[in-house]
Amino acid sequence: MSSEEELINLFNKVGLGEKKSQEIIKNKKVSSSLYEILTNESSSESYNDKQLALLHQLAIESKGGIIPNRKFITDAILDGRIKTNLQISEAVKYLKSTTEGADVSLDNFNAASGVGIELTEEDVKNEIEKYLNSINSELESKRYSILPKVLGEVKKLPSLKWAAPNLFKPTIDALFLAKLGPKDERDVVKKEKKPKAASNAATKAKTTTAAEPERSMFSEGFLGDLHKPGEEPQMYPELLKAHNEFTKGKVFTRFPPEPNGFLHIGHSKAIMVNFGYAQFHGGHCYLRYDDTNPEAEEEVYFRSIKDMIDWLGYEPWKITHSSDYFDELYELAIRLIKNDKAYVCHCTPEQVKANRGMKEDGTLGGERKPCIHRSQSIEHNLTEFIAMKDGKYKSGEATLRMKQDLSSPSPQMWDLVAYRVLDAAHHRTGDKWKIYPTYDFTHCLVDSLENITHSLCTTEFILSRESYEWLCDALHVYRPPQREYGRLNLTGTVLSKRKIAKLVDEKYVRGWDDPRLYTLEGIKRRGVPPGAILSFINTLGVTTSTTNIQIVRFESAVRNYLDQTTPRLMMVLNPIEVVIDNLADDYELEIEIPYKPGGKDESKFGYRKVKFGNKIYIDSNDIRTETADSDYFRLAPGQPVGLIKVPFNISYKSAEFDSEGKIVRIHVNYDNEVDKPKKPKTYIQWVPKSNAIHIDQVRIYKPLFNSENPSAHPDGFLKDINPDSEHVITNAVIEDSFKEVETKSPLNIEIVGSEFNIKEKKGCNTVRFQALREGYFCVDKDSNGNKLILNRIVTLKEDSSKK
Ligand code: ATP
Ligand code: MG
């Protein structure tokens, strides 16, 4: 080890400069690697800045552990073969696969490090142009908003792997300019702020913004890398023949929920992965109720699961139940016993645990032993299993266990239970069975019976893959490939059935479909369009790691979707009557207003007529009765305000107050005495009094929990509840065009270029609109002929008070 002084001297001598040298020695590992590189691996005396920077980078890379034969890289830096950091890291990767002192082939090393692959500026430009042409329609519709994303994508293009990174941005800028012309108003409107969540390093979430174009999760990432049907790896390849005859080369997947609860946002990913992947490849997806646990199942869950899949726009190819296969499964259990691969066990749970090596302190790792039942004869096991089926044993007195591999390090191989005795009637098979198969026995075999080509599940099942394959092979049946992807988890809320049940039972929320919950029923009731969920999940992509998402990010995606798909209306939440003194009682001006202003949207959404007369409502927040400060833009004495789409401004004259001093009515002047209206500081929404619709309740939602991780609250998640999560406004009014929107809903407006334009069925949740300046709303299911209740789906902008 050299002293700091020695290091500084050397670094100075080679030309790193005092400041830089001081900085480098702060990191012991890096500085000692650099020292070694300069003294042991290099014979050069002088270096240029570029070489020094690269050698420093090499020292930094050495922090990650010994790099065998590192001198190869040092040499390549010094003779100019290696020119970039990327080349260094690829070279490091390559050398790490070699052993120190071994014969490393220079050709292989050069190839792995991209030596000699020179891309000119022209090459880079051509490649990027090719990419832009491939996304041309997206480029035209989303314009400059996709520039950051294009930059990210281009960097990933294999053909540009070795291009100088500093060429990307200027080249893309120039090509955008050439294709789209300079930025104009189309490029400023979409100025939605990047949610803070995106920069929060604590979440593993990928950074995507609302403006990102859609990419397909089915063709890239985890799903893009899956095998083709017909290429399922098998222990007994001859089994593929019958399987392929069934599938005819099509993808077959299944969504296998347990009907023991309502689905939540995480399940929408599973639904999309399974149904969407099959659909993408022209294949089929089953909805399979995994109903092997009769004690937990209820009819409402069956119906709700089906409804939610339907709501998300998917149709099961077939609806099946694990219980449909109870006869086949029983026969397979018999066969397993006959193959001497299963035995009836009478051990108590304690004995089973002890035999699996559980120590007194509850940890595993003790010696594993077979129990006495493991060596019973096949005949004995058959007799006993039939006795189990015939009701000779009570629950807990006997199980059928698979004879797996006790010497395996995986607990999933320690003779799992295949069948247990349960004294419960089953909703489909009634009293027929006294024994029920377990998940571990059922899942793989039903997948096999249904000829599933891709058994997609979440990563907590990785260890189960071994037993899944073992059982199919032990029975000599087609073995579907199980592949595991990362769960979707929403932070700032709870998703577990048990916790949501508590919120419902203790009346913190209105029910399982409360709009503040992230059950799919709740999200639907809140008014979130199904297409918004699918596009959102699509932008997250599918990988093998868990995706943690903050609620604000989900809301931002919903907002972006609603922006493109909802008509605009004027609604006043806290109305104050405004009398326009200089207009007669019979004055009427019919104003035509587009449901969604701007270009093509106007013809797509149409227009409505709003009658302007001498009595209107505006919001009490839009009025001051005292002279306004300079940062207040709305109506005040001496400060006129514009009414949206009304030709002239109004100016304040006087106010009437009730006995408590609250404004009940104001008087204004319609400033139509001039030829040309003066431009007001701002425009506000208004509702004509003559035909205003009164809204019984507008429910404004805030997050149900205060923190990002309610379950981590030391006194339990209930203590993290936000007491102000629902605010009800009871005197709001809305223009009567609402009726037209209600009648025409669902509008099923398609987003151009989206794969996820779902045709929704009529329902109050599809009556959605943007209330100008107030947010997005829908009709709540508590409404009826006499009562109108609205939910706020999301605000117009991300609430900056939220962290
Ligand atoms: P949980 O473990 O959240 O209670 P569950 O076990 O009740 O979920 P199942 O009914 O077994 O859910 O789920 C059906 C499918 O949905 C399974 O394939 C499961 O892997 C998947 N799934 C459940 N939760 C998530 C999630 N958060 N993200 C993605 N997929 C999920
Ligand atoms: Mg489960």
Side-chain angles (χ1 to χ4, degrees), residues 203-205 217 221-223 253-278 285-298 300-309 312 314 316 319-323 438-440 442-444 446-447 450 452 454-465 468 480-503 512 517-523 533-534 536-538 540-551 554 711 717:
T203 58
K204 239 187 177 175
M217 64 185 242
F222 170 87
L223 294 175
T253 55
R254 81 288 169 271
F255 173 63
E258 273 176 75
N260 63 349
F262 294 97
L263 301 178
H264 55 63
I265 178 110
H267 289 111
S268 57
K269 179 172 181 182
I271 290 174
M272 201 176 166
V273 161
N274 284 296
F275 284 97
Y277 184 73
C285 179
Y286 295 84
L287 163 58
R288 183 202 305 153
Y289 293 108
D290 191 16
D291 57 351
T292 56
N293 186 10
E295 287 161 329
E297 291 153 15
E298 277 180 50
V300 279
Y301 304 136
F302 283 86
R303 210 186 42 239
S304 170
I305 288 169
K306 169 82 178 60
D307 286 351
M308 290 304 105
I309 293 169
L312 288 172
Y314 292 114
I319 298 179
T320 59
H321 302 74
S322 296
S323 60
T438 58
Y439 171 88
D440 293 307
T442 310
H443 194 78
C444 57
V446 176
D447 276 353
E450 290 184 344
I452 300 302
H454 300 79
S455 177
L456 307 174
C457 63
T458 41
T459 49
E460 69 273 20
F461 292 100
I462 283 181
L463 282 184
S464 300
R465 197 202 276 193
Y468 183 112
Q482 174 185 301
R483 298 292 177 262
E484 309 85 5
Y485 61 91
R487 293 168 76 91
L488 170 63
N489 181 37
L490 204 61
T491 61
T493 188
V494 297
L495 294 178
S496 102
K497 284 170 200 146
R498 198 177 46 78
K499 289 186 181 138
I500 297 180
K502 214 163 169 67
L503 293 169
W512 282 89
L517 295 177
Y518 290 87
T519 54
L520 290 180
E521 297 273 9
I523 297 174
I533 299 182
L534 300 192
F536 174 64
I537 292 176
N538 183 53
L540 299 175
V542 184
T543 66
T544 52
S545 46
T546 302
T547 310
N548 289 304
I549 293 295
Q550 292 178 307
I551 289 172
F554 176 61
S711 303
F717 76 103

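Counting convention: from 1, in listed order, for ligands and their atoms alike.
- Inter-residue side-chain proximity for Leu534 and Ser268 is flagged as unmet; no heavy-atom pair is nearer than 4.5 Å.
- When the heavy atoms of Thr458, Asn274, Thr546, Ile265 are ranked by distance to atom 30 (N) of ligand 1, first place goes to Thr458.
- With a heavy-atom cut-off of 4.0 Å, Tyr301 does not touch ligand 1 at all.
- Among the atoms of Asn260, none of the N or O lies under 3.5 angstrom from an N or O of ligand 1.
- Near Glu258, the atoms of ligand 1 lying under 4.0 angstrom from a non-hydrogen atom of the residue are 9 (P), 10 (O), 11 (O).
- Under the 6.0 Å cut-off for aromatic ring centres, Tyr286 and Phe255 do not qualify, their centroids lying 6.0 Å or more apart.
- Listed by atom number, the atoms of ligand 1 under 4.0 Å from Lys497 heavy atoms are 4 (O), 5 (P), 7 (O).
- The shortest side-chain heavy-atom distance between Met308 and Phe262 does not fall under the 4.5 Å cut-off.
- Around atom 27 (N) of ligand 1, the closest heavy atom drawn from Leu488, Val542, Ile271 belongs to Leu488.
- Of the heavy atoms in Cys457, none comes closer than 4.0 Å to ligand 1.
- Annotation for ligand 1: atoms under 4.0 Å from non-hydrogen atoms of Phe255 are 14 (C), 15 (C), 16 (O).
- Results of the side-chain contact (heavy atoms from CB on, under 4.5 Å) test with Leu517 over Ile265, Val494, Ile500 single out Ile500 as the only residue that passes.
- Applying the ring-ring contact (aromatic ring centres under 6.0 Å, His included) rule to Tyr518 yields no partners; only residues at least two apart in sequence or on another chain are considered.
- Residue-to-ligand polar distances place Arg487 within reach of ligand 1: an N/O pair is separated by less than 3.5 Å.
- Side-chain rings of Tyr439 and Phe461 approach one another, their centers coming within less than 6.0 Å.
- Using a non-hydrogen distance threshold of 4.0 Å, Asn489 does not register as a contact of ligand 1.
- Heavy-atom contacts of Tyr485 reach the following atoms of ligand 1: 30 (N) (cutoff under 4.0 Å).
- Judged as a salt bridge (charged side-chain N to carboxylate O under 4.0 Å, His left out), and not counting sequence neighbours, the contacts of Arg465 are Glu484.
- Note: no N/O pair closer than 3.5 Å links Glu460 and ligand 1 by distance alone.
- One finds no salt bridge joining Glu450 and Arg254 here, because no Lys/Arg side-chain nitrogen approaches an Asp/Glu carboxylate oxygen to under 4.0 Å.
- Here is the list of ligand 1 atoms found below 4.0 Å of a heavy atom in Ala270: 16 (O), 21 (C), 30 (N).
- The option with the heavy atom closest to atom 26 (C) of ligand 1, from among Pro257, Gly266, Pro259, is Gly266.
- Residues Thr458 and Lys269 form no side-chain contact, since every pair of their non-hydrogen atoms from C-beta on lies 4.5 Å or further apart.
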